[in-house]
Amino acid sequence: NFHGKKKITIPPGETVWCDPLKYNLKSGQRLAITVCYGAQTPENATSHRGSRTTSYIIGGMATAKSDFENAEKVEHWYNISAIDVMAANVPVVAVLGNSITDGRGTTTNKQNRWTGFMSDALNVENPYGVLNRGIGGNCVLRGGISQPALQRFDRDILSQSGVTKLIIFEGTNDIGCSNGNSEKIAAELIEAYKTLAAKAQAKGIKVYGATITPFKGNGWYSPFHEAARQTVNEWIRNSKSFDGIVDFDALVRDSSDFEKLRSEYSSDWLHLNPSGYEVMGRYAAKIINAK
């Protein structure tokens, strides 16, 4: 229900929350949501293009008990942008990221993003919330897909309920799209990280800087782009702006060529495969749990 009513019209660009539901959601449980549009399907709908999870679409009036066996299947989510789980004294880590966090290179319906593996590891002993705020093609500064991190930060991170820790893992798209101004982009990224970290810390959130993973062998690569990546990563490692460092670069790079991913972790030499994401997630959980 929505304020006690079963129907709601969502104005363009607005967000609407349903009334709280009494449901004993278990840690790691898969959850399905059924949306019934009634007599008219919206011409335009907000969507998660990179959900890597199947939605089932059928005609006519539908409920959770409808038969979806012959439904149209699409690998996108529609309309639902968040689920707010009410839990007392449960720490929550949010991840600001791009397609590597969104799940490019993972297996459809297997939920094997690195954030999923991190969640599994964190929840072994005590409940822990993990918010994946990754958007494929997203940039920190400008351009890219959806609002850049500097613009969406307040909504996607600071406005989320109960966030106690934050991992900032973005920048590869800014560097990869830089054209003759890689040094300038690196300097701007560093200033952006400072801004984002300070805003979160002012809210009492611990902030972890994650180094940008290698991309030699992918179209992103050039000596200039690599120099920018190294500049940003060295700043992250030595910066006093963060409460902790998640050194994904050192974790997944080839020991014989630091500019490349280890081949057994690579999907396309930019994104990782499930094996690489598992290593990343379990490593990140250790860092998050350490302090």
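All heavy atoms count here, side chains included; hydrogens, waters and symmetry mates do not.
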Problem - Spatial distance of atom NE2 (H48) from atom OG (S81) [nearest 0.5 Å] - result: 11.0 Å
Problem - Polar side chain donor-acceptor pair, E278 to Y265, under 3.5 angstrom - result: no
Handout entry: Main-chain N/O of I288 paired to K165 side chain as donor or acceptor, under 3.5 Å
Key = yes
Handout entry: Test item: N98 and R104 side chains (from C-beta on) under 4.5 Å apart, heavy atoms
Key = no
Handout entry: Nearest-0.5 Å distance, OH of residue Y23 to CD1 of residue I83
Key = 10.5 Å
Problem - Test item: N289 and L122 side chains (from C-beta on) under 4.5 Å apart, heavy atoms - result: yes
Practice task
Measure from the side-chain N and O atoms of H225 to the backbone N and O of I175, and report whether any donor-acceptor pair falls under 3.5 Å.
Solution key: yes
Handout entry: Validation row: F248, M280 side chains within 4.5 angstrom (heavy atoms)
Key = yes
Handout entry: Residues T115, F117; criterion side chain to side chain contact (heavy atoms under 4.5 Å, CB included); working and verdict
Key = CA-CA 5 Å; T115 49; F117 287 113; over 6 Å; no
Handout entry: Short side-chain to backbone donor-acceptor contact, Y193 and E170, under 3.5 Å
Key = yes
Exercise for the section: Could you check N132, V130, V93 and say which one makes a side chain to side chain contact (heavy atoms under 4.5 Å, CB included) with S119? Expected result: V130
Handout entry: Euclidean distance, E14 CD relative to T9 OG1, rounded to 0.5 Å
Key = 13.0 Å
Problem - Side-chain donor/acceptor of Q29 to backbone N/O of K26, under 3.5 Å - result: yes
Handout entry: Check: V140 and P148 side chains under 4.5 Å, non-hydrogen atoms
Key = no
Practice task
Find out whether the Lys NZ or Arg CZ of K260 is both under 6.0 angstrom from the six-membered ring centre of W269 and within 45° of the ring's axis.
Solution key: yes
Exercise for the section: Say whether, by atom type as modelled, one donor and one acceptor occur between the side chain of R282 and the main chain of A121 under 3.5 angstrom. Expected result: no
Practice task
Apply side chain to side chain contact (heavy atoms under 4.5 Å, CB included) to the pair I145 and R49, showing each step before the final yes or no.
Solution key: CA-CA 11 Å; I145 295 176; R49 294 173 294 273; 2.7 Å; yes
Problem - Distance-only donor-acceptor check, side chains E75 and T54, under 3.5 Å - result: no
Handout entry: Backbone N/O of K216 and side chain of N218: donor-acceptor pair under 3.5 Å
Key = no
Handout entry: Donor-acceptor pair between T53 and S51 side chains, under 3.5 angstrom
Key = no
Exercise for the section: Please answer whether the main-chain N or O of D19 pairs with a side-chain N or O of N1 as donor and acceptor at a distance below 3.5 Å. Expected result: no
Exercise for the section: Just say parallel, tilted or perpendicular for the rings of W114 and F169, cut-offs at 30° and 60°. Expected result: perpendicular
Handout entry: Short N-O contact, R262 and D254, less than 4.0 angstrom
Key = no
Practice task
May I ask you to check whether over 12 heavy atoms, not counting those of E125, lie within 6.0 Å of atom CD?
Solution key: no
Practice task
Would you mind reporting whether Y78 and T46 have side-chain heavy atoms less than 4.5 Å apart?
Solution key: no
Exercise for the section: Please determine, by modelled atom types, if Q111 and R30 share a side-chain donor-acceptor pair under 3.5 angstrom. Expected result: no
Exercise for the section: Kindly confirm or rule out a cation-pi arrangement of R253 over F258, judged by NZ or CZ under 6.0 Å from the six-membered ring centre and within 45° of its axis? Expected result: yes
Handout entry: D249 and T213 side chains, donor-acceptor separation under 3.5 Å
Key = no
Handout entry: Separation between CD1 of I157 and CD1 of I205, rounded to the nearest 0.5 Å
Key = 7.5 Å
Exercise for the section: Report yes or no: does D174 contribute a side-chain atom to a donor-acceptor pair with the main-chain N or O of L141 at less than 3.5 Å? Expected result: yes
Exercise for the section: Determine whether L131 and V95 make a side-chain contact, defined as any pair of heavy atoms from C-beta on separated by less than 4.5 Å. Expected result: no
Exercise for the section: Report the C-alpha separation of E72 and V74 in whole Å, then their side-chain angles, then the decisive distance to 0.1 Å, and conclude whether the side chain to side chain contact (heavy atoms under 4.5 Å, CB included) test is met. Expected result: CA-CA 7 Å; E72 178 185 356; V74 293; 3.8 Å; yes
Practice task
Using the side chain to side chain contact (heavy atoms under 4.5 Å, CB included) rule, take M118 and I167 through it: C-alpha gap first, then chi angles, then the decisive distance, then the call.
Solution key: CA-CA 12 Å; M118 179 174 69; I167 299 174; 4.1 Å; yes
Exercise for the section: Return yes if some donor-acceptor pair links the side-chain N/O of S266 with the main-chain N/O of S263 below 3.5 Å, else return no. Expected result: no
Completion exercise
Between G171 and L189, the two heavy atoms sitting closest are O-CD1, 4.0 Å
Exercise for the section: Could you verify whether a donor N or O on one side chain and an acceptor N or O on the other, from N79 and Y37, lie under 3.5 Å apart? Expected result: yes
Handout entry: Single hit among N112, D102, N109 for side chain to side chain contact (heavy atoms under 4.5 Å, CB included) with R52
Key = D102
Practice task
Let me see the working for S267 and N273 under side chain to side chain donor-acceptor pair (under 3.5 Å), right down to the final yes or no.
Solution key: CA-CA 5 Å; S267 172; N273 58 27; over 6 Å; no
Handout entry: Validation row: Q230, V232 side chains within 4.5 angstrom (heavy atoms)
Key = no
Exercise for the section: Can you measure from CD1 (I287) to CD1 (I245) and round to the nearest 0.5 angstrom? Expected result: 9.5 Å
Problem - Side chain to side chain, L96 and F153, heavy atoms closer than 4.5 Å - result: yes
Problem - Expected output: side-chain N181 to main-chain K184 donor-acceptor under 3.5 Å - result: no
Handout entry: Side-chain ion pair, D154 and K199, N-O less than 4.0 Å
Key = yes
Problem - Crowding at CD, E183 (>12 non-hydrogen neighbours, <6.0 Å) - result: no
Handout entry: Distance (rounded to the nearest 0.5 Å) between K73 NZ and I57 CD1
Key = 11.0 Å
Handout entry: S99 versus H271, side-chain donor and acceptor atoms under 3.5 Å
Key = yes
